[in-house]
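Contents: one structure, followed by commentary.
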Amino acid sequence: MIRVGVNGYGTIGKRVADAVRAQPDMEVCGVAKRSPNYVAVGATEAGYPVYAADDDRAHEFAAAGIDLAGSVDKLVAESDVVVDATPSGVGAENRPLYEHHDTPALFQGGEDATVAEVSFNARVNYDEAEDADYVRVVSCNTTGLSRFLAPLYENYGIEKARVTLVRRGGDPDQTGRGPINDAVPDPISIPSHHGPDVQTIFPKLDIDTIGLKVPTTMMHLHTVNVTLENEPDDVTEIRDRLRSEDRILTIPDYAGIDGAGTLKDFALDAGRPRGDIWENCVWEESITLRGRDLYCMQAIHQESDVVPENVDAIRALSGHLTGPESRSLTNETLGIGFSRLDGRESRTLDRQTAD
Ligand SMILES: NC(=O)C1=CN([C@@H]2O[C@H](COP(=O)(O)OP(=O)(O)OC[C@H]3O[C@@H](n4cnc5c(N)ncnc54)[C@H](OP(=O)(O)O)[C@@H]3O)[C@@H](O)[C@H]2O)C=CC1
Ligand SMILES: O=C(OP(=O)(O)O)[C@H](O)COP(=O)(O)O
């Protein structure tokens, strides 16, 4: 059993902890939290030993009636691997703690790429993490782009990728974020950090990215334009390649899923925990070919798409399963890949091919 400690139990940390607990070869040895709020209460109710991320605030946990198992130092010492899911920049400050205990660690996409030896995506470069002690799981948007680009890169070659990222303003629990009535270039300069970040996964890829923020908490939405090196036979060939990817959910036109709202409703109806959508969500109708130019739109659930990647990165660091074995086990245990939309045809796309 791989003993996993989770340092930072927020949006990402709590999801990673639950996903780790679902694995037959892993156990959660504890989670570190800074504030004794409702999320900390949830951790105790879920049965996770709670450790203090900040010793100076330990007395606040006692006052709130939350028993602590110790300080984060003890959690790191007892873990085989630590998943650091603290806010951007804090992970880098924590790295000396992991080094001190000789404990391998994962960092998240809010950290600079220099925080770790390898930036990770399970579909593309699992093997590179096998010899590493410190791995960074790239951000939600970068994960979504890497999954989408991988089959295109492998099968056709990519001359150039151009992506506009319509970014959610904040997560549902981030009550202070916005905008609340605007569409804001973010960043206003081009490229956004996502292009260079994708290049930490595909070092030779030519990609430009543009970002803006809008007033929603649900999902990010990408418009993607890829100039392929070799022309596919037709658009259904692309659709079928995307369909065969384990962490891409393709949405047929009949489904009536017209945006992030219906996607979230679909996930809740399907009984997904917290309404999470671990897969990229690609609208089949949007897949369009003009010669070697491919156009497409996809939605990315920012709170959850990196969760299976964290699970696979833990295995990569521990080195006891291959990438395909790990991905398949993670998918099976979390329920990734099953969709009640499977096997249904998209009328519009088939018409487009017939034309
Ligand atoms: N949210 C998202 O959409 C995504 C986030 N990421 C990345 O994941 C990482 C975590 O983000 P997210 O889960 O959203 O963050 P949250 O703010 O939701 O959670 C952060 C957690 O870290 C704890 N924490 C805060 N400050 C410290 C500190 N100084 N030392 C130790 N622990 C601390 C918080 O504790 P407390 O609440 O008790 O203060 C909380 O438990 C970031 O790198 C982010 O960029 C990646 C993909 C998507
Ligand atoms: O990793 C994320 O997005 P990103 O890929 O735009 O950096 C998360 O959605 C966090 O984004 P935030 O930096 O807007 O909180």
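None of the values given here were measured: they were computed from a predicted structure. All residue numbers in this chain count up from 1 along the given sequence. Counting convention: from 1, in listed order, for ligands and their atoms alike.
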Using a 4.0 Å cut-off on heavy atoms, what residues surround ligand 2? Order them by chain and number. S139, C140, N141, R167, R168, R177, H193, H194, K213, H220, Q302
With heavy atoms and a 4.0 Å threshold, my read on which part of T86 contacts ligand 1 is both
To atom 48 (C) of ligand 1, the nearest of E111, Q302, K14 on a heavy-atom basis is Q302
Show every salt bridge (Lys or Arg N to Asp or Glu O under 4.0 Å) that has at least one partner inside residues 319-329, sequence neighbours left out. D246-R327
Please identify which atoms of ligand 1 are closer than 4.0 Å to at least one heavy atom of A53. 31 (C), 32 (N)
List, by chain and number, the other hydrophobic cluster members for Y98, where Ile, Leu, Val, Met, Phe, Trp and Tyr join if side-chain heavy atoms come within less than 4.5 Å, directly or indirectly. V72, V76, V82, L97, F107, V115, Y134
Among all protein heavy atoms in this structure, tell me which lies nearest to atom 47 (C) of ligand 1, with the distance rounded to 0.1 Å. C140 N, 3.6 Å
Between E27 and R3, does any NZ, NE, NH1 or NH2 come within less than 4.0 Å of an OD or OE carboxylate oxygen? yes
Report yes if some heavy atom in the side chain of V282 is under 4.5 Å from a heavy atom in the side chain of R239; otherwise report no. no
With a 4.5 Å limit on heavy-atom distance, are the side chains of R57 and P36 in contact? yes
Heavy-atom distance under 4.5 Å between the side chains of V50 and V31, does that happen here? yes
May I ask you to check whether S139 has an N/O atom sitting below 3.5 Å from an N/O atom of ligand 1? no
Evaluate the side-chain proximity of I66 to V41: yes if any heavy-atom separation is below 4.5 Å, no if none is. yes
D208 and side-chain hydrogen bond (donor to acceptor under 3.5 Å, both in side chains): which partner among H194, K160, R162? K160
For S88, the atoms of ligand 1 under 4.0 Å from one of its heavy atoms are 42 (C), 43 (O), 45 (O)
Any protein heavy atom at under 4.0 Å, with atom 5 (C) of ligand 1 as the reference point? yes
Are any of the N/O atoms in N94 less than 3.5 Å from those in ligand 1? no
Show your reasoning for whether side-chain contact (heavy atoms from CB on, under 4.5 Å) applies to D186 and L212. CA-CA 4 Å; D186 187 4; L212 64 147; 5.7 Å; no
May I ask you to decide whether R123 forms a salt bridge with E154, counting only side-chain N to carboxylate O separations under 4.0 Å? yes
Report the nearest protein non-hydrogen atom to atom 41 (O) of ligand 1: residue, atom name, distance rounded to 0.1 Å. Y9 N, 2.9 Å
In this structure, atom 8 (O) of ligand 1 is nearest to the protein heavy atom Q108 CB, 3.3 Å
Return a yes/no value: protein heavy atom under 4.0 Å from atom 26 (N) of ligand 1? yes
Cluster link Y126 to V135, ILVMFWY, side chain under 4.5 Å: yes
Regarding ligand 1, does N7 bring an N or O atom to under 3.5 Å of one of the ligand's N or O atoms? no
heavy-atom search around atom 2 (C) of ligand 1 in the protein gives D171 OD2, 3.5 Å
Option of least heavy-atom distance to atom 30 (N) of ligand 1 (set: T142, V90, T143): V90
Below 4.0 Å, non-hydrogen atoms only: which portion of A85 touches ligand 1? Side chain, backbone, both or neither. backbone
Answer yes or no for R168: is there a heavy-atom contact with ligand 1 below 4.0 Å? yes
Closest approach of any protein heavy atom to atom 44 (C) of ligand 1, naming residue and atom: G110 N, 4.0 Å
Qualifying residues under side-chain contact (heavy atoms from CB on, under 4.5 Å), relative to Q23, sequence neighbours excluded: D25, M26, V311, R315, L329, T330, T333, L334
Run down the list G89, G10, P87 and name the one with the heavy atom closest to atom 22 (O) of ligand 1. P87
Ligand 1 atoms nearer than 4.0 angstrom to some heavy atom of K33 are 35 (O), 36 (P), 37 (O), 38 (O), 41 (O)
Could you grab the distance from atom CD1 of I12 to atom CG of D171, nearest 0.5 Å is fine? 7.5 Å
Considering only the protein, which heavy-atom contact is closest to atom 18 (O) of ligand 1, and what is its distance? T11 N, 2.9 Å
Can you tell me the protein heavy atom closest to atom 13 (O) of ligand 1 and the distance? I12 N, 2.9 Å
D131 atom CG, neighbour heavy-atom count above 12 within 6.0 Å: no
Same cluster for Y254 and I257 if Ile/Leu/Val/Met/Phe/Trp/Tyr side chains link at under 4.5 Å? yes
For the residue pair I2 and S318, what are the closest heavy atoms and their distance? CD1-OG, 3.5 Å
